[in-house]
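What you see is a predicted model, and the numbers here were worked out from it, not measured in a lab. The basis for the numbers below is simple: all heavy atoms, side chains too, and nothing from hydrogens, waters or symmetry mates.
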Amino acid sequence: MTKILVLYYSLHGNTRQLARHISRGIEQVDGCEAVLRTVAEIATTQTVTAIKTTDPIVSHHDLKQCAAMAMGSPVRFGNMAAPLKHFLDTTSGEWLSGTLIGKPACVFTSSSSLHGGQETTLQSMMLPLLHHGMLIVGIPYSEPLLHTTSHGGTPYGASHINHGISKQLHPDEIALAQAIGRRLATIACKLNG
């Protein structure tokens, strides 16, 4: 099985929902298995009431074992959330050894407003992946929903916009999340022969 790491941080559950749908897309590709992981909270002076998750905390071994990675975070002032950045800051060993070089990766995010910084957050997550030598996979405009959706989804990656009405993902957001999962898995399989 080709193992694809779906790594995320989610405070209110929206990014976790995207991770689940990306995983479903991955597993629609024969021979691929999604490995869901989250990151640990970091100590702060504020009390954080993050969602409860049954997904294991990521380990450095997960990075070695994966053939590809999808990485997601909620928007934090146009950037990735601190717990995800904190984990990435611990991956110098993988950077030095080249663990992730040549592996495909995609990114995903969620925010509570239309102009909340989704695209800059997606780009901020790409930077450390590029430093690791990963191959960035986006959503091409051959996906018809990119032309018509008024909800989340960009060529930079899957996204969710909580319009304040419902925290549930819109069907367009679900379809685009699954599409990028399938695309990531297909490319990983091709690269692995």
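V29 is listed as a side-chain neighbour of C189, based on a closest heavy-atom distance under 4.5 Å. In this structure, the side chains of L130 and I136 come closer than 4.5 Å at one or more pairs of heavy atoms. Side chains of V35 and I4 form no contact here, defined as non-hydrogen atoms less than 4.5 Å apart. Contact check for Y8 versus M71: no side-chain heavy atoms found under the 4.5 Å cut-off. Looking at Q17 and H160, their side chains never come closer than 4.5 Å, going by heavy atoms from C-beta outward. Between F87 and L7, the closest side-chain pair of non-hydrogen atoms falls below 4.5 Å. A 4.5 Å side-chain heavy-atom check between V6 and F108 finds at least one atom pair inside the cut-off. Counting only heavy atoms from C-beta outward, the side chains of L129 and L100 never approach each other to under 4.5 Å.
Nearest approach of A67 to T2, heavy atoms of both residues: CB-CG2, 3.5 Å. Smallest separation of non-hydrogen atoms from G13 and S10: N-OG, 3.0 Å. P83 approaches A40 most closely through the heavy-atom pair CB-O, 3.5 Å. Closest heavy-atom contact between C106 and I180: CB-CD1, 3.6 Å. Across all non-hydrogen atoms, the minimal contact from I22 to A158 is CD1-CB, 4.4 Å.
To the nearest 0.5 angstrom, E94 atom CD is 10.5 Å from L88 atom CG. In this structure, NE2 on H21 lies 13.0 Å from CD1 on I26, to the nearest 0.5 angstrom. The SG atom of C32 sits 9.0 Å away from the CD atom of E27 when rounded to the nearest 0.5 Å. From T99, atom OG1 reaches atom CD of Q65 across 10.5 Å, with rounding to the nearest 0.5 Å. Note that OG of S23 and CZ of R16 are 12.0 Å apart. Values are rounded to the nearest 0.5 Å. Taken from CG in L145 to CD1 in I139, the straight-line distance is 9.5 Å, to the nearest 0.5 Å.
Summarising the local packing, NE2 of H147 is surrounded by more than 12 heavy atoms from other residues, nucleotides or ligands at distances under 6.0 Å.
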Item to check | Derivation and outcome, side-chain contact (heavy atoms from CB on, under 4.5 Å), residues D55 and R20 | outcome: CA-CA 11 Å; D55 295 326; R20 298 269 190 278; 2.7 Å; yes

Next on the checklist: For a side-chain contact (heavy atoms from CB on, under 4.5 Å) check, start with the C-alpha distance between M80 and T109, then their side-chain angles and the critical distance, and finish with the verdict.
Outcome noted: CA-CA 8 Å; M80 75 180 91; T109 191; over 6 Å; no

Checklist entry - Step by step, would you call V39 with I57 a side-chain contact (heavy atoms from CB on, under 4.5 Å)? => result CA-CA 5 Å; V39 294; I57 302 295; 5.7 Å; no

Checklist entry - For N14 and L18, what are the C-alpha separation, side-chain angles and deciding distance, and is it a side-chain contact (heavy atoms from CB on, under 4.5 Å)? => result CA-CA 6 Å; N14 298 322; L18 279 172; over 6 Å; no

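Q118 pairs in a side chain to side chain donor-acceptor pair (under 3.5 Å) with only one of the listed residues (S159, S110, S111), which is S111.
In this structure, the side chain of K103 does not engage the main chain of G133 through any donor-acceptor pair within 3.5 Å. The backbone N or O of V75 lies less than 3.5 Å from no partner atom in the side chain of T121, so there is not a single donor-acceptor pair. Looking only at distances, a side-chain donor or acceptor of E173 sits under 3.5 Å from a matching main-chain atom of G152. Using modelled atom types, one side-chain atom of S97 and one backbone atom of G93 make a donor-acceptor pair closer than 3.5 Å. Not one N or O on the side chain of E119 forms a donor-acceptor pair closer than 3.5 Å with the backbone of T154. Remark: side-chain polar atoms of N192 are paired, donor with acceptor, to backbone N or O of A188 under 3.5 angstrom. S73 places a side-chain N or O within 3.5 Å of a backbone atom of A81 that can act as its donor or acceptor partner.
Between Y9 and H86, a ring centre-to-centre spacing not shorter than 6.0 Å is recorded.
The list of side-chain hydrogen bond (donor to acceptor under 3.5 Å, both in side chains) pairs with a residue in residues 181-190, not counting sequence neighbours, reads Q28-R182. Every pair passing side-chain hydrogen bond (donor to acceptor under 3.5 Å, both in side chains) that includes a residue from residues 122-134 is listed here, sequence neighbours excluded: N79-S124, T91-H132. Residue pairs meeting the salt bridge (charged side-chain N to carboxylate O under 4.0 Å, His left out) criterion with at least one member in residues 70-85, sequence neighbours excluded, are K85-D89.
One hydrophobic cluster, built from ILVMFWY side chains closer than 4.5 Å, holds both L84 and L11. Criterion: ILVMFWY side-chain heavy atoms under 4.5 Å apart, direct or through other members. Under it, Y141 and V137 are part of a common hydrophobic cluster. L191 is not connected to I101 by any chain of hydrophobic side-chain contacts under 4.5 Å among Ile, Leu, Val, Met, Phe, Trp and Tyr, and they are in different clusters.
The aromatic rings of H170 and H151 sit parallel, their planes meeting at an angle under 30°, below the 60° perpendicular limit.
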